[in-house]
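Count residues from 1 along the sequence.
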Amino acid sequence: MTTVSPPQTVINSVIALYSNGQIQEALDSVATLIKDYPDEPLLYNISGVCHKAAGRLDAAVKSFEKAVALKPDYTEVNYNLGVTLKELGQLDAAVKCYEKAVALKPDYTDAHYNLGNAFKELGQLDDAVNSYKKAVALKSDHAIAHNNLGNTLSDLGQVDDAVNSYKKAVALKPDYAEAHNNLGVTLKNLGQHEVAIKSYEKALALKPEFAEAHNNLGNALKDLGQHEVAIKSYEKALALKPEFAEAH
């Protein structure tokens, strides 16, 4: 047994197996390597990534935890552990991992973005806004972060700022149906029904099976007194999603 690192060529061969979708083969190879190099945190990170790809989240957590025990300042592993814990619903633990990752690497855009997602699920909306803002400051073309920032600002009642975020999202990604729909919802809440309808129509042109957008279009049309057309939108929503209670 040795404490030196495994040759890079060996590491590359394991990564190649993973990249080719040969997850179990990669796991078998890395398990063999861990026996020879038990103190190499990179191997535990690779093991964790493979377990996660195979859907074995608890095993992935154990591998990532072993890696950070060996190397607490391993930024990537702290992030990977956070992602896995969030998938397991352990949001508070995930937040701590993401916070460690961004403390180690303040320009880690994905960690700020995922930290925002975790905060939002926890209902810590101000913290979520701060994280999303850091993500878009680092990567201004992060359309999904702009959309999620808009959602959070909307939840906080900051509707004008939410509209601006949604507009940035659709400007960056014109085929972003969800952002067009979210923009429509916020515009409707501001009383701008006709503009909201245009946003819903854009969403539906991009994603005709978008039941929520059909329902939202129905709401806007109903508020404008266009009841017959609204009914057709609700019927489309229900045809796509028969158990859609709000549309009923």
Take atom [atom1] of [X] as the centre, draw a 6.0 Å sphere, and report whether it contains more than 12 heavy atoms from other residues, nucleotides or ligands.
| X | atom1 | answer |
| --- | --- | --- |
| Lys188 | NZ | yes |
| Lys96 | NZ | no |
| Lys86 | NZ | yes |

Any [X] side-chain heavy atom under 4.5 Å of [Y] side chain:
| X | Y | value |
| --- | --- | --- |
| Ser199 | Leu187 | yes |
| Leu238 | His214 | no |
| Thr186 | Leu153 | no |
| Tyr98 | Val83 | yes |
| Leu81 | Glu65 | yes |
| Lys71 | Val77 | no |
| Val30 | Tyr18 | no |
| Ile11 | Ile46 | yes |

What is the minimum heavy-atom distance between [X] and [Y], and which atoms define it?
| X | Y | value |
| --- | --- | --- |
| Asn215 | Ala237 | N-CB, 3.9 Å |
| Ala111 | Ala101 | CB-CB, 4.2 Å |
| Ala145 | Ala135 | CB-CB, 4.4 Å |
| Leu85 | Ala93 | CD1-CB, 3.8 Å |
| Leu138 | Thr109 | CB-OG1, 3.4 Å |
| Ala60 | Lys52 | CB-N, 3.7 Å |

Nearest-0.5 Å distance that lies between atom [atom1] in [X] and atom [atom2] in [Y]:
| X | Y | atom1 | atom2 | result |
| --- | --- | --- | --- | --- |
| Tyr166 | Asn147 | OH | CG | 6.0 Å |
| Leu125 | Ser154 | CG | OG | 10.5 Å |
| Glu76 | Leu104 | CD | CG | 12.5 Å |
| Asn117 | Leu91 | CG | CG | 10.5 Å |
| Leu27 | Cys50 | CG | SG | 4.5 Å |
| Gln90 | Leu57 | CD | CG | 10.0 Å |

Please tell me whether Gln24 and Asp28 have a donor and an acceptor in their side chains that are separated by less than 3.5 angstrom. yes
Answer yes if the side chains of Glu212 and Asn216 hold a donor-acceptor pair under 3.5 Å, and no otherwise. no
When you group the ILVMFWY residues by side-chain heavy-atom contacts below 4.5 Å and let the links chain together, are [Y] and [X] in the same group?
| X | Y | answer |
| --- | --- | --- |
| Leu183 | Leu217 | no |
| Phe210 | Phe244 | no |
| Val10 | Ile23 | yes |
| Leu221 | Tyr200 | yes |
| Leu42 | Val61 | yes |

Between Tyr108, Phe64, Tyr74, Tyr113, which is the residue that forms a ring-ring contact (aromatic ring centres under 6.0 Å, His included) with Tyr79? Tyr108
Apply side chain to side chain donor-acceptor pair (under 3.5 Å) to the pair Gln8 and Asn12, showing each step before the final yes or no. CA-CA 6 Å; Gln8 188 61 45; Asn12 290 343; 2.9 Å; yes
For Asn45 and Ser63, run side-chain contact (heavy atoms from CB on, under 4.5 Å): C-alpha distance rounded to whole Å, both residues' side-chain angles, the deciding distance at 0.1 Å, then the answer. CA-CA 6 Å; Asn45 183 43; Ser63 291; over 6 Å; no
Start with the C-alpha distance between Ile197 and Leu224, add both sets of side-chain angles, then the distance that settles side-chain contact (heavy atoms from CB on, under 4.5 Å), and finish with yes or no. CA-CA 10 Å; Ile197 285 171; Leu224 287 173; 3.4 Å; yes
Is it true that a side-chain atom of His146 and a backbone atom of Ile144 form a donor plus acceptor pair closer than 3.5 Å? no
Using modelled atom types only, decide if a donor and an acceptor are shared between the side chain of Lys100 and the backbone of Pro72 within a distance under 3.5 Å. yes
Determine, step by step, whether Lys139 and Asp110 satisfy the salt bridge (charged side-chain N to carboxylate O under 4.0 Å, His left out) criterion, reporting the C-alpha distance in whole Å, the side-chain angles of both residues, the deciding distance to 0.1 Å, and the verdict. CA-CA 10 Å; Lys139 188 180 180 187; Asp110 288 344; 5.8 Å; no
Set out, in order, the CA-CA distance, both residues' side-chain angles and the distance that settles side-chain contact (heavy atoms from CB on, under 4.5 Å) for Val136 and Asp141, then state yes or no. CA-CA 7 Å; Val136 297; Asp141 62 348; over 6 Å; no
side-chain contact (heavy atoms from CB on, under 4.5 Å) between Val163 and Val159, worked out: CA-CA 6 Å; Val163 165; Val159 287; 5.5 Å; no
